[in-house]
Amino acid sequence: MNGKFPHDFLWGGAVAANQVEGAYLTDGKGLSTSDLQPQGIFGAITPRHEGDSGIKDLAIDFYHRYPQDIALFAEMGFKCLRTSIAWARIFPQGDEETPNEAGLAFYDRLFDEMAKYGIQPLITLSHYEMPYGLTQKYGGWGSRATIGFFERYARTVFERYKHKVKHWLTFNEINMSLHAPFTGVGLPADSDKSAIYQAIHHQLVASARAVKACHELVPGGKIGNMLLGGILYPLSCKPEDLLETQRQNRDWLFFGDVQARGAYPAYMQRFFRENGIQVAITEEDRQALRETIDFISFSYYMSGCVTADPEQYETARGNILDMVPNPHLASSEWGWQIDPIGLRYLLNVLYDRYQKPLFIVENGLGAKDRVEADGSINDDYRVNYLNDHLVQVAEAIDDGVEVMGYTSWGPIDLVSASKAEMSKRYGFIYVDRDDAGNGSLERRRKKSFYWYRDVIHSNGNSLKQKG
Ligand code: BG6
């Protein structure tokens, strides 16, 4: 794999505030929607009472332990760390006029710590959470008012960190609202399609307003979107399967189309009409949407298949989206189908479609790890997964795709999003904590830690092309 990655490639890892920080009410933070989902992003919305606790309340205590964790990332040679700002630390209820200084000060300390090692922050404004107060008082993104609250929050953090953070993302996996409405747009799970698309529309307008604000306020700043890159293949070459695959891929590409091209794509008119979906879009909204992102970012864990034949349709175990299993692929312990070539394919699809730089901001293997008697953790399965995906990134770069960087998901073990488990581990660094919350929180280097250090150090030249 010699010489394929550009010299300024941003190697690193990605985490999210609600999956690592803990400190869920510290320093004036308000409740966020994530705090009401102790069972994960598909779990029931659970009101909080005094004295209850959930695994995310402490998570891996990154809020207090970040200096040690950043030092470990630096030891691996990270150039970049993706994390998110918890909106409810800055505006605890969401609709305040002035921000919470203690929350702002925390991220100052965090970014300063990263700067000590030359690690660039890549910051998501909203990663699967918003102030719970906004859902209570306004109905979350169902209300137009939330656009203004988000813009105030975005402008506040751009102004505050404009000299420390140059790379920003708006909403994590913005297309997930179609599958997890409370997580994505603060709406009840049983909301109808019109309500969900209206909320999505408000979020798309807010995203574009944040892009504009970033361009105005952050000198040299770049801002991208963030898509769940759920690429789908036709199960067969039947024309009906192909057409259905195109239709289902458009379900998620729609978000990228709006954010990268600045307008609703034509195919949505028919989709809205045939599904009885009404979305109120003003002329002012259309103007706002014209401010487009600088780069596309996405997560990639798996691919899936589509068929037009309902009888053949079955749901792949554990996959986030309903997809037909691909008979040619193996699955992870959580049933996510492993497809490194799919990453090369997806990079090419997105680059062909948008001609904007791409950033892979999540990719990784969730697996159960075993600590050996001598304390070592031999996670060769993780090394293989990541090696094979990175080899395909190198191939895509060779295909001519402009790739800015790669931040693997969960470089340190964290609480999983879908089911709030600790036992689904992604890290190069092991954290001693189990699903019941027991453990010392001690950090330990896995075998993959040394492997990733070598990959970064050699700028990808140590990767192994197999077969
Ligand atoms: C992405 C999310 O969907 O996948 C992350 O952006 C999440 O927040 C990751 O953690 C992996 O999913 P899970 O459920 O294994 O944590």
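Only this structure's heavy atoms are used, side chains among them; waters, hydrogens and symmetry mates stay out. Start at 1 and go down the list; that is how both ligands and their atoms are numbered. Each residue takes its place number in the sequence, starting with 1.
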Q.
Tell me the contacting part of Tyr300 for ligand 1: side chain, backbone, both, or neither, using a 4.0 Å heavy-atom threshold, strictly below.
A. neither
**Q.** Closest heavy-atom pair and its distance - Lys446, Arg425
**A.** NZ-CB, 3.9 Å
Q) Should Trp334 be listed as contacting ligand 1, given a heavy-atom distance under 4.0 Å as the test? A) no
Q) Is Ala417 close to ligand 1, meaning an N/O of one under 3.5 Å from an N/O of the other? A) yes
Q: Determine, using heavy atoms of Leu228 and all atoms of ligand 1, whether some pair is separated by less than 4.0 Å.
A: no
Q: From the options Arg425, Gln19, Met176, select the one whose nearest heavy atom is closest to atom 10 (O) of ligand 1.
A: Gln19
(Q) If you count heavy atoms of other groups shown closer than 6.0 angstrom to CD of Gln39, is the number above 12? (A) no
Q | Selected option - heavy-atom contact closest to atom 2 (C) of ligand 1, from Lys424, Glu421, Glu362 | A | Glu362
Q) How does Ile41 reach ligand 1, if at all, at less than 4.0 Å between non-hydrogen atoms: by side chain, backbone, both, or neither? A) neither
Q. In this structure, are over 12 heavy atoms from other groups packed under 6.0 Å from Lys222 atom NZ?
A. no
Q | Within 6.0 Å of NZ in Lys212, more than 12 heavy atoms from elsewhere | A | no
**Q.** Contact with ligand 1 for His127, non-hydrogen, under 4.0 angstrom
**A.** yes
Q: Walk me through it: do Thr83 and Thr124 pass the test side-chain contact (heavy atoms from CB on, under 4.5 Å)?
A: CA-CA 6 Å; Thr83 186; Thr124 316; over 6 Å; no
**Q.** Atoms of ligand 1 close to Glu173 [distance to a heavy atom under 4.0 angstrom, numbered from 1]
**A.** 1 (C), 2 (C), 3 (O), 6 (O)
(Q) Surrounding OH of Tyr138 (heavy atoms of other residues, nucleotides or ligands, distance under 6.0 Å), is the total greater than 12? (A) yes
**Q.** N or O pair under 3.5 Å between Lys419 and ligand 1
**A.** no
Q) So do the side chains of Tyr351 and Lys356 get within less than 4.5 Å of each other, counting heavy atoms only? A) no
Q. Any idea which atoms of ligand 1 are less than 4.0 Å away from a heavy-atom of Ser416?
A. 13 (P), 16 (O)
Q) At a 4.0 Å threshold, what atoms of ligand 1 neighbour a non-hydrogen atom of Tyr426? A) 11 (C), 12 (O), 13 (P), 15 (O)
Q: Before accepting this row, confirm whether a basic side-chain N of the pair Asp8/Lys79 lies closer than 4.0 Å to the acidic partner's carboxylate O.
A: no
